[in-house]
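For reference, the structure discussed in these notes is given below.
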Amino acid sequence: MGYALMTDEQRELVNLLHDFQMKELAPRVEECDLTGEFPMDVHDKLGELGFHGMDIPAEYGGCGFDEVTNYLIREEFGMVDAGFGFSYTLSKSGSSTVIRYGTEEQKKYICDRVLNGAIVCNCITEANAGSEVTAMRTTAKKVGDEYILNGTKCFISNGPIADVYMVIAYTDKSKGSHGLSLFMVPKELGVETGKHENKMGLRASVTGEVIFNDVKVPAKNLVGKEGEGYRNILANLTRNRILNTSIVVGTAQHALNEAIKYANERETFGTPIKNHQGIQFMLADMEQLVQASRNYLIYGANLLQRNAPKDVISQVAAGAKVFASEAAMKVTTDAVQVLGGYGYMREYPVEKLMRDTKIFSIFEGTNQINRMVQGRAITKI
Ligand SMILES: Cc1cc2nc3c(=O)[nH]c(=O)nc-3n(C[C@H](O)[C@H](O)[C@H](O)COP(=O)(O)OP(=O)(O)OC[C@H]3O[C@@H](n4cnc5c(N)ncnc54)[C@H](O)[C@@H]3O)c2cc1C
């Protein structure tokens, strides 16, 4: 990763993760990009190092890291493979909605499962309900002390391999967003998986359909109150906008490092291409974008850590998400340009970095939706 202000402990942690990734993940990146498989053995080894507890408070047996440390860990993941880093950290942060809104029993349950290596996913999107969340059709009907879940979610990261599903469904459609509720649904209750997506990038992260066909969920698995699901998942989305986007800063830094290396080695017109001002300016612009993204997101992480007012955090999270994802797209695309024809070839790493980056402008709310969130917030008088 590039230079960032870190405490000694943070630097030690990031170095530990860096060395682990270089040894265990880097040699597997090309294979995972080809096969579209999540390397579960690497996931398990990270558990042995203690990383499964990265998002879990110390009182529940986790690491109790602050949000800036959580940023730094994710950026380091993004340096090696955004797909693996996204899936791994998403699974760990899947516990955070429960930690914030769940009962004591629910908190203990999810923390224990995550610490023991469970994969978690968030099920919001449906075929006709992406940006317009309230257009979803999944329902949870209360019968006695159970809810009966019916519906199909699509594009769910970790969906095909998850052990626990965090699911949004209507308990009362007539109330619109106030009729949506959140459930914690262990796979063993009868969750099925459907289509496995074949993606442009982020291929080590598996994405697919999740099907609920009369799945009986005990009432005690309702997280928060009935009708509060939308509000609670939005709060989690704000955190994800800051922390998941950290991953793509690492990817952009990786692309910049590759471009600088190549600019030193490749010669045209009798001199390394770094000596051409056209290339130097491009590299300087890339450096500015990476540093600005890092600092915007770390500012957001600091706001999260200090429990800043909700409207302030959500505005900053939306803006930082848009800025950093678009900056990374520019940086990774320019890295391909610096490498010329070789940059376009799979033999060199930068084309994959560009493919991995695009999704960060689409999920966690598209960049159009995030601009709306920020625009509305800053124009409120
Ligand atoms: C790889 C991947 C992983 C994903 N992981 C998950 C996951 O784990 N869980 C989950 O629930 N979902 C997940 N998603 C779904 C993702 O969040 C949605 O794809 C995203 O919210 C956009 O929804 P949509 O695809 O239906 O696009 P649409 O909502 O149909 O939007 C289409 C276009 O219209 C624009 N648009 C829509 N409304 C407006 C508006 N009001 N003003 C201006 N522009 C607008 C959008 O920005 C977009 O450009 C994932 C998607 C992908 C591709």
Side-chain angles (χ1 to χ4, degrees), residues 1 4 55 67-68 70-79 82-83 85-87 89-90 92-94 96-97 122 124-125 130-133 155 157 201-202 205 207 230-255 286 288-306 308-333 353-380:
M1 82 149 37
D55 271 15
E67 299 290 37
V68 173
N70 282 327
Y71 168 92
L72 296 167
I73 290 172
R74 283 163 169 85
E75 187 184 326
E76 182 54 43
F77 269 119
M79 286 282 292
F86 173 71
S87 260
T89 57
L90 177 80
K92 307 311 148 211
S93 66
S96 58
T97 325
N122 294 316
I124 308 167
T125 304
S131 302
E132 191 185 356
V133 174
F155 296 167
S157 303
L202 214 73
S205 166
T207 315
Y230 188 64
R231 191 200 68 179
N232 295 349
I233 208 89
L234 279 186
N236 197 40
L237 209 56
T238 293
R239 181 174 188 267
N240 283 350
R241 279 174 185 157
I242 294 169
L243 293 179
N244 285 344
T245 313
S246 314
I247 294 167
V248 86
V249 179
T251 308
Q253 180 71 60
H254 182 181
M286 290 157 79
Q288 291 156 26
L289 288 173
V290 172
Q291 284 296 358
S293 301
R294 177 175 294 132
N295 283 290
Y296 202 166
L297 287 165
I298 288 181
Y299 171 55
N302 269 308
L303 291 177
L304 280 176
Q305 184 61 32
R306 287 168 168 74
K310 218 168 68 183
D311 53 337
V312 175
I313 302 184
S314 90
Q315 184 269 107
V316 170
K321 188 265 186 196
V322 170
F323 184 86
S325 59
E326 291 180 4
M329 203 61 234
K330 169 98 175 102
V331 170
T332 54
T333 307
L353 302 178
M354 182 178 152
R355 284 188 284 112
D356 284 349
T357 296
K358 182 58 200 168
I359 186 59
F360 288 84
S361 298
I362 297 171
F363 58 24
E364 311 298 351
T366 66
N367 282 9
Q368 285 74 26
I369 296 297
N370 276 286
R371 281 188 165 87
M372 269 167 52
V373 171
Q374 186 171 43
R376 279 181 187 155
I378 61 172
T379 52
K380 214 186 269 176

Side chain to side chain, [X] and [Y], heavy atoms closer than 4.5 Å:
X: Glu326; Y: Asn367; value: yes
X: Thr251; Y: His254; value: no
X: Ile313; Y: Ile242; value: yes
X: Asn70; Y: Arg74; value: yes

message: Under the rule for side-chain contact (heavy atoms from CB on, under 4.5 Å), what residues qualify as partners of Ile233, not counting sequence neighbours?
response: Ile124, Ile168, Leu182

Could you pull out all residues at least two apart from [X] that satisfy salt bridge (Lys or Arg N to Asp or Glu O under 4.0 Å)?
X: Arg376; value: none
X: Glu67; value: Arg239
X: Lys330; value: Asp334

Please find the pair of heavy atoms, one from [X] and one from [Y], that lie closest to each other, and give the distance.
X: Val248; Y: Ala324; result: CG1-O, 4.0 Å
X: Ser87; Y: Ser205; result: OG-OG, 3.0 Å
X: Leu289; Y: Ala327; result: CB-CB, 3.9 Å
X: Tyr71; Y: Ser246; result: CD1-OG, 2.9 Å
X: Ala292; Y: Phe323; result: CB-CE2, 3.7 Å
X: Thr332; Y: Ala255; result: CG2-CB, 3.8 Å

side-chain contact (heavy atoms from CB on, under 4.5 Å) partner of Thr89, the single match among Asn240, Ile247, Asp55: Ile247

Measuring from atom [atom1] of [X] to atom [atom2] of [Y], what distance do you get when rounded to the nearest 0.5 angstrom?
X: Gln315; Y: Thr238; atom1: CD; atom2: OG1; value: 11.0 Å
X: Ile362; Y: Ser131; atom1: CD1; atom2: OG; value: 10.5 Å
X: Met329; Y: Leu353; atom1: CE; atom2: CG; value: 10.5 Å
X: Leu72; Y: Leu297; atom1: CG; atom2: CG; value: 11.0 Å
X: Asn244; Y: Ser325; atom1: CG; atom2: OG; value: 12.0 Å

- prompt: Listed by chain and number, what are the side chain to side chain donor-acceptor pair (under 3.5 Å) partners of Asn370, not counting sequence neighbours?
  reply: Arg241

- request: Output, in order, the C-alpha distance, side-chain angles, deciding distance and verdict of side-chain contact (heavy atoms from CB on, under 4.5 Å) for Leu243 and Ser93.
  value: CA-CA 9 Å; Leu243 293 179; Ser93 66; over 6 Å; no

message: Salt bridge check, Lys321 against Glu364: does any charged N sit closer than 4.0 Å to a carboxylate O?
response: no

message: Run Asn122 and Leu237 through side-chain contact (heavy atoms from CB on, under 4.5 Å) and show every step you take.
response: CA-CA 10 Å; Asn122 294 316; Leu237 209 56; over 6 Å; no

query: Does a donor on one side chain sit under 3.5 Å from an acceptor on the other, for Arg294 and Gln291?
result: yes

Under the ring pair (Phe, Tyr, Trp, His ring centres under 6.0 Å) test, residues paired with Phe363 that sit two or more places apart: Phe86, Phe360

task: Verify side-chain contact (heavy atoms from CB on, under 4.5 Å) between Glu76 and Ile73, making sure each step is shown before the conclusion.
output: CA-CA 5 Å; Glu76 182 54 43; Ile73 290 172; 5.8 Å; no

